[in-house]
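All values derive from a computational prediction rather than experimental measurement. Residues take their numbers from the sequence shown, with the count starting at 1.
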Amino acid sequence: MGTVELHARKAQRKAESGSGWYAGVARTGLVAKGISYGLVGALAFKLALGDGGKATSRQGALQSLAQHSFGKILLILLALGFAAYALWRFIQAYAEGRDDSALKAWGKRAAYAGRGLVYAALTYSTIRIATGAGGQDSQNQKAHHSTDVVLGWPAGRWLVGIAGGILIVVALWNLYRGLARKFEDHWRVGRLTPGVRRWGSRAGLLGHVARFVVFGLIGVFVAKAARDYSPKDAIGLDGALQKLAHATYGPWLLGLTAAGLVAYGAYCLVDARLRDVSVRG
């Protein structure tokens with residue numbers, strides 16, 4: 001047995017048991033995820049109150065963080081956390097599915113790998129921001145550019161439309177997961193006090209509903225970009241928050257959604273403490 005295969009099997013055993021360094025990697029990643037969503041929500045909430053702030057993506061929030069004292073140190077710590085989250089998801093993708101049907105197993109692996117890629121990209125962006133090499137393009141601008149490129153491909157309109165549809169499905173899944181409190185299924189109930197469960201559950205509910213709102217808006221406008229062949233219709237997280245800010249009763253809608261994103265950040269911190277991170281957890 002080669003060295004690489006031996007390490008891979010050891011990682012798989014840790015993933016199946018949810019123990020050791022694997023558990024530390026998963027929990028570190030969840031903490032970083034929570035902090036990043038909390039930053040976005042806090043900036044948006046300040047905007048809703050008319051006290052500065054801005055409607056921005058996680059990359060934008062990290063760029064704001066870089067302007068403060070010790071900001072670069074915090075960015076490096078967050079980059080390590082995002083890298084830990086990506087590694088956790090990649091290990092899950094590798095270890096998942098022994099007891100599932102082939103189709104279900106590959107569906108789970110694709111979902112885990114997709115999340116890993118998102119956080120690998122976020123790790124790269126965070127490092128660039130920390131070193132002063134990060135670009136100033138907003139997520140909106142990146143969405144416009146990416147959509148414009150894909151629309152130029154053969155069947156590009158279909159691809160963009162499918163991407164918008166996937167985002168809408170993700171939004172609906174977040175709504176269902178929040179309202180049904182499915183996230184509690186991953187918690188080690190024996191370690192929960194009634195107070196932690198109550199408040200953690202409330203934060204999870206509000207946070208998942210807020211994610212439904214922002215992912216739903218992003219998905220709808222990406223689908224609209226495909227329908228109208230207009231890349232400027234596509235938006236990112238910052239664009240979704242800006243849409244809320246400019247809507248009727250905008251400050252209220254933005255404030256509620258921002259509070260939900262802060263709640264989601266708090267939920268991630270509770271999740272980091274209580275989650276059964278084993279593959280079958």
Side-chain angles (χ1 to χ4, degrees), residues 25-44 46-47 53-93 110-150 160 163 166-167 170 174 207 210-211 214-215 217-219 221-222 225 231-232 234-242 258 261-262 264-265 268-269 272:
V25 164
R27 300 191 197 288
T28 299
L30 286 167
V31 169
K33 178 182 180 182
I35 291 172
S36 67
Y37 270 100
L39 286 171
V40 172
L43 287 171
K46 287 185 67 178
L47 177 62
K54 56 183 175 180
T56 187
S57 64
R58 286 193 285 178
Q59 288 90 337
L62 295 174
Q63 287 176 348
S64 297
L65 184 61
Q67 309 304 316
H68 295 279
S69 301
F70 303 107
K72 290 189 176 181
I73 295 174
L74 293 174
L75 285 172
I76 291 170
L77 293 175
L78 282 172
L80 292 172
F82 296 146
Y85 189 95
L87 178 60
W88 171 41
R89 292 306 193 180
F90 288 141
I91 294 173
Q92 278 189 310
Y112 291 142
R115 294 173 192 173
L117 289 171
V118 168
Y119 277 83
L122 188 55
T123 301
Y124 175 71
S125 297
T126 305
I127 292 171
R128 285 180 58 84
I129 293 168
T131 58
Q136 298 300 312
D137 284 351
S138 68
Q139 202 173 74
N140 255 8
Q141 292 170 319
K142 292 176 181 177
H144 296 165
H145 176 71
S146 299
T147 304
D148 187 36
V149 170
V150 176
V160 173
I166 290 173
L167 286 167
V170 169
N174 272 275
R211 276 166 56 96
V214 294
F215 280 120
L217 282 171
I218 294 170
F221 279 93
V222 169
K232 289 187 177 181
I235 60 174
L237 175 56
D238 47 355
L241 294 173
Q242 288 161 14
L261 292 174
V262 172
Y264 187 79
C268 287
L269 299 183

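With sequence neighbours left out, the side chain to side chain contact (heavy atoms under 4.5 Å, CB included) criterion links Leu87 to Val25, Ile91. Partners of Ala86 by side chain to side chain contact (heavy atoms under 4.5 Å, CB included), not counting sequence neighbours, listed by chain and number: Phe90, Tyr119, Ala120.
Here Thr126 contributes atom OG1 and Ile76 contributes atom CD1; the two are 11.0 Å apart, rounded to the nearest 0.5 Å. Atoms CG and CG, from Leu241 and Leu261 in turn, are 6.5 Å apart once rounded to the nearest 0.5 Å. Rounded to the nearest 0.5 angstrom, Asp148 CG and Lys232 NZ are separated by 9.5 Å. For the atom pair NZ of Lys72 and CD of Gln67, the computed distance is 9.0 Å after rounding to the nearest 0.5 Å.
The closest donor-acceptor contact from the side chain of Asp238 to the backbone of Ser57 lies at 3.5 Å or more, if one exists at all. Thr123 places a side-chain N or O within 3.5 Å of a backbone atom of Ala83 that can act as its donor or acceptor partner. Side-chain N or O atoms of Ser36 include one that pairs as donor or acceptor with a backbone N or O of Lys33 at under 3.5 Å. Here the side chain of Thr131 pairs a donor or acceptor atom with the backbone of Arg128 at under 3.5 angstrom. In this structure, Arg89 contributes its side chain and Tyr112 its backbone to no donor-acceptor pair below 3.5 Å.
Taking each heavy atom of Gly34 and Cys268 in turn, the nearest pair found is CA-CB, 3.4 Å. In plain terms, the two heavy atoms of Ala61 and Leu39 that are nearest each other are CB-CB, 4.0 Å. Among all heavy-atom pairs drawn from Asn140 and Gly239, the shortest one is OD1-CA, 3.2 Å. Pairing each heavy atom of Gly29 with each of Ala84, the nearest pair is N-CB, 4.0 Å. Minimum interatomic distance between Gln139 and Gln59 (heavy atoms only, all atoms of both residues): NE2-OE1, 3.4 Å. The shortest heavy-atom contact between Gly38 and Val262 is O-CG2, 4.0 Å.
The side-chain heavy atoms of Val31 and Arg27, taken from C-beta on, include no pair separated by under 4.5 Å. You'll find the side chain of Leu62 reaches within 4.5 Å of the side chain of Leu75, heavy atoms only. Using a 4.5 Å heavy-atom threshold, the side chains of Thr28 and Trp88 count as separate. Between Leu65 and Leu78 there is a side-chain heavy-atom pair separated by less than 4.5 Å. Looking at heavy atoms from C-beta onward, Ser125 lies out of side-chain contact with Phe82 at the 4.5 angstrom threshold.
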Under the criterion side chain to side chain contact (heavy atoms under 4.5 Å, CB included), I'd like the reasoning laid out for Ser64 against Leu43: C-alpha separation, chi angles, the key distance, then a yes or no.
CA-CA 9 Å; Ser64 297; Leu43 287 171; 4.1 Å; yes

Walk me through it: do Ile235 and Gln242 pass the test side chain to side chain contact (heavy atoms under 4.5 Å, CB included)?
CA-CA 10 Å; Ile235 60 174; Gln242 288 161 14; over 6 Å; no

